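Here is the naming used below: chain letters follow the sequence lines, and residue numbers restart at 1 for every chain. Since the structure is predicted, the reported quantities are computational estimates derived from the model, not experimental observations.
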There are 2 protein chains.
Amino acid sequence: MPITIADVAARAKVSKTTVSRVLNGKGELDESTAARVRAVIDELGYVPSARAVNLARGRTRVVGMLVPSLTWPWMGEVLQGAVDVLEAEEYGLLLFTCNRGDDSMRQFAAQVAAKSFDGLLVIEPEGTLDYIKTLHHRGLPMVLIDDRDQLSGEQIPTVGTTNHSGAADAARHLLEIGRHKPLVITGPSRFGCTVQRTDGFTSVFAEAGHPIPAEHVVLGDFTRAAGVEGVREAIAAGRDFDAVFCHNDLCAFGAVQAILDSGRRVPEDVAVVGFDDIPMAGHHQPPLSTVHQPMREMGEAAARTLLAHFDGTPLPNRPTVIPATFTVRASTQA
Amino acid sequence: MPITIADVAARAKVSKTTVSRVLNGKGELDESTAARVRAVIDELGYVPSARAVNLARGRTRVVGMLVPSLTWPWMGEVLQGAVDVLEAEEYGLLLFTCNRGDDSMRQFAAQVAAKSFDGLLVIEPEGTLDYIKTLHHRGLPMVLIDDRDQLSGEQIPTVGTTNHSGAADAARHLLEIGRHKPLVITGPSRFGCTVQRTDGFTSVFAEAGHPIPAEHVVLGDFTRAAGVEGVREAIAAGRDFDAVFCHNDLCAFGAVQAILDSGRRVPEDVAVVGFDDIPMAGHHQPPLSTVHQPMREMGEAAARTLLAHFDGTPLPNRPTVIPATFTVRASTQA
DNA sequence: CTGAAAGCGCTTACAG
DNA sequence: CTGAAAGCGCTTACAG
């Protein structure tokens with residue numbers, strides 16, 4: 001028999017209204033009355049039922065988070081950032097993934113319709129952007145954490161990073177260590193981040209007087225296999241390259257392997273740079289130079305933006321950008 | 001102005017009770033009435049408010065999950081397993097971490113007291129076992145996902161794996177490939193899993209007539225650095241070893257590095273085996289032979305056990321054990 | 001400074 | 001087969 005506000009009121013000989021007031025610190029109330037009520041609350045160990053408070057207030061103090069999958073290497077960082085911020089503000093995080101495809105989305109949609117949470121953080125599962133936009137237009141407060149897509153002309157609040165300048169930094173670093181003939185292994189071309197990373201990287205080389213020939217930019221898909229294949233094919237085709245820039249770390253791991261397998265050394269013969277800076281990057285052999293994506297900070301920023309909106313701050317209409325930073329390790333420097 | 005059950009009732013010219021009945025499929029009701037109500041529900045796009053249903057029913061259809069941190073290499077797997085099962089049963093997953101220490105636990109405790117969820121899945125954050133036990137005794141339905149601790153004599157429902165026989169399998173494999181002088185780098189000795197892994201491994205070697213000397217079992221802490229240090233010190237001390245068994249993969253990565261740094265080859269001179277089989281294990285150079293912990297299956301099993309309990313199945317009083325399996329890769333086989 | 005009453009949006013005996 | 005009413009446990013005008 002859980003105790004309720006009525007029990008507290010009876011024991012303290014006041015109305016439920018008064019108990020509610022001391023609970024929420026609203027309205028003027030006699031200090032001695034308040035003290036008495038507080039004593040009873042402590043004595044009974046009373047805690048208001050979240051379910052009742054939620055219904056009465058019309059909110060849940062819960063934020064939903066939709067992500068494609070939980071097993072991606074950097075997903076834990078984003079989640080941890082979001083959870084830390086939400087938790088500190090006494091919000092809960094209700095987690096949704098798209099792992100089971102359409103059925104997952106159906107369940108998610110049901111929870112949205114039932115108003116199980118007050119707002120949404122989302123890393124867009126591929127192919128769900130239209131649906132997400134619909135929810136946004138219907139008035140669901142949300143913040144997108146955008147690691148891949150370029151949402152041209154879209155006004156959904158977004159937290160992103162600097163794909164273009166991160167890639168440019170990687171290019172400058174390679175130029176500095178004297179590499180002029182890089183191979184680039186990209187992500188899928190449908191992603192905005194792929195376009196930006198390619199552009200940022202190639203434009204720096206072009207400006208430096210070392211334009212990258214089209215055959216040196218090979219299409220990948222963010223997998224380790226893409227790194228292996230990209231390097232192998234370049235070698236088989238007789239291409240001359242002294243560096244590889246991969247659009248993510250997993251791909252870079254594959255590139256390193258293919259380079260070593262071919263009898264070349266990393267970084268002496270070929271320097272390798274990744275993108276993401278997943279936890280394993282520094283543990284890899286050799287440790288991987290890479291563009292650090294601030295995933296945790298992005299998760300934090302997204303959560304903070306959403307909470308600020310609940311408190312009345314208007315959602316920003318331009319993306320919040322947290323800079324990516326280049327991290328030098330042994331895969332580019334002996 | 002969200003539409004409510006009253007709107008549906010009015011439009012269908014029935015009582016809220018009747019609408020509730022067609023919603024929940026309870027009680028006998030005229031098929032034509034039901035059809036009419038369903039039509040109105042569709043027409044209005046009505047979905048019952050989760051908040052109101054929760055209060056009326058006294059449950060939330062939400063399961064809490066408490067984990068130490070979201071950034072551990074295998075955490076995503078456990079979470080994904082749990083989420084997939086919960087989602088399929090239309091349950092939500094409310095995520096809690098212990099990342100901010102005592103403050104985190106305070107927030108968590110507040111949510112427990114407020115009954116924000118119906119049951120709990122927990123990977124015990126170090127030092128919180130007494131608190132968890134208290135919650136269990138107070139009647140909070142829970143299932144422990146036990147990757148480290150041995151809860152001797154404890155009756156909290158648990159899902160675990162076979163640490164002892166997994167380590168024994170690793171030992172047998174090393175014997176099969178002719179290694180008789182392994183080095184063991186353990187986890188912290190306060191963990192039950194450390195004790196079991198050490199015991200499973202050393203007893204197989206002892207039975208095979210190759211007892212492992214005490215100096216060959218070095219205390220580690222599950223970090224990469226422990227692997228590096230353990231191997232370096234063994235080499236410095238002039239120990240003769242032809243294999244290393246590490247109590248987790250991260251540590252094994254470090255061991256591999258230290259071995260290579262010393263001019264030795266893996267696996268020709270020293271074979272290396274890890275434990276966990278984190279996603280990177282197969283991507284490592286060389287790919288790591290390791291004991292596979294079925295983290296995703298453990299997450300699934302824990303969730304299923306909890307849901308079954310909600311449906312009336314008594315919680316099992318002995319641990320659910322999902323076997324660990326040995327996975328051979330290049331770090332033990334050239 | 002305090003309380004009675006209505007309301008949040010459902011579910012569920014109870015009665016017919 | 002169907003509905004009026006009470007109840008879930010709070011919050012919040014409104015009145016005093």
Residues in residues 50-57 of chain A with a heavy atom under 4.0 Å of DNA chain D, by number, are A:Ala52, A:Val53, A:Ala56, A:Arg57
Where along residues 31-43 of chain B does a heavy atom come under 4.0 Å from DNA chain D, residue by residue in number order?
-> B:Thr33
Does the side chain of B:Asp118 come under 3.5 Å of the side chain of B:Thr60 through a donor N or O and an acceptor N or O?
->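 A donor-acceptor contact under 3.5 Å links the two side chains.
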Using every non-hydrogen atom in the two residues, find where [X] and [Y] come nearest and quote the distance to one decimal.
X        : Y        : result
A:Leu86  : A:Gly92  : CD1-O, 4.2 Å
B:Gln293 : B:Thr161 : OE1-CG2, 3.0 Å
A:Val22  : A:Ala34  : CG1-CA, 4.5 Å

Pick base, sugar-phosphate or nothing for A:Thr18, based on heavy-atom distances below 4.0 Å to the nucleic acid.
->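 Since only primed, P, OP1 and OP2 atoms lie under 4.0 Å of A:Thr18, the category is sugar-phosphate.
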Within the structure shown, what part of the strands sits under 4.0 Å from B:Ser49 by heavy-atom distance: base, sugar-phosphate, or nothing?
-> sugar-phosphate
Can you give the first and last nucleotides of DNA chain C, 5' to 3', that have an atom under 4.0 Å from a heavy atom of chain A?
-> C:dC1 to C:dG9
Near DNA chain C, under 4.0 Å by heavy atom, which residues of residues 2-16 of chain B?
->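 Per residue number, the list reads B:Thr4, B:Ile5, B:Lys16.
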Mind pulling the stems DNA chain D is in, i.e. runs of at least three Watson-Crick or G-U pairs, everything under 3.5 Å?
->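 So far as stems of 3 or more pairs are concerned, DNA chain D shows C:1-3 with D:14-16, C:5-12 with D:5-12, C:14-16 with D:1-3.
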Listed by chain and number, what are the side chain to side chain contact (heavy atoms under 4.5 Å, CB included) partners of A:Arg100, not counting sequence neighbours?
-> A:Asp103, A:Ser104, A:Gln107, B:Asp84, B:Glu87, B:Ala88
Heavy atoms of other groups near B:Arg11 CZ, more than 12 under 6.0 Å =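 Not more than 12 within 6.0 Å, no.
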Return yes when atom CG of A:Asp42 has more than 12 non-hydrogen atoms of other residues, nucleotides or ligands closer than 6.0 Å, and no otherwise.
-> yes
Is the shortest distance from a Lys or Arg side-chain nitrogen in A:Arg38 or A:Glu31 to a carboxylate oxygen in the other one below 4.0 Å?
->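 Result for this pair is yes, salt bridge flagged.
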A:Leu144 side, atom CG; A:Lys133 side, atom NZ - distance, nearest 0.5 Å =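 Between A:Leu144 CG and A:Lys133 NZ, I get 10.0 Å after rounding to 0.5 Å.
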Any idea how B:Phe108 and B:Phe96 line up, ring-wise: parallel (<30°), tilted (30 to 60°), or perpendicular (>60°)?
-> perpendicular
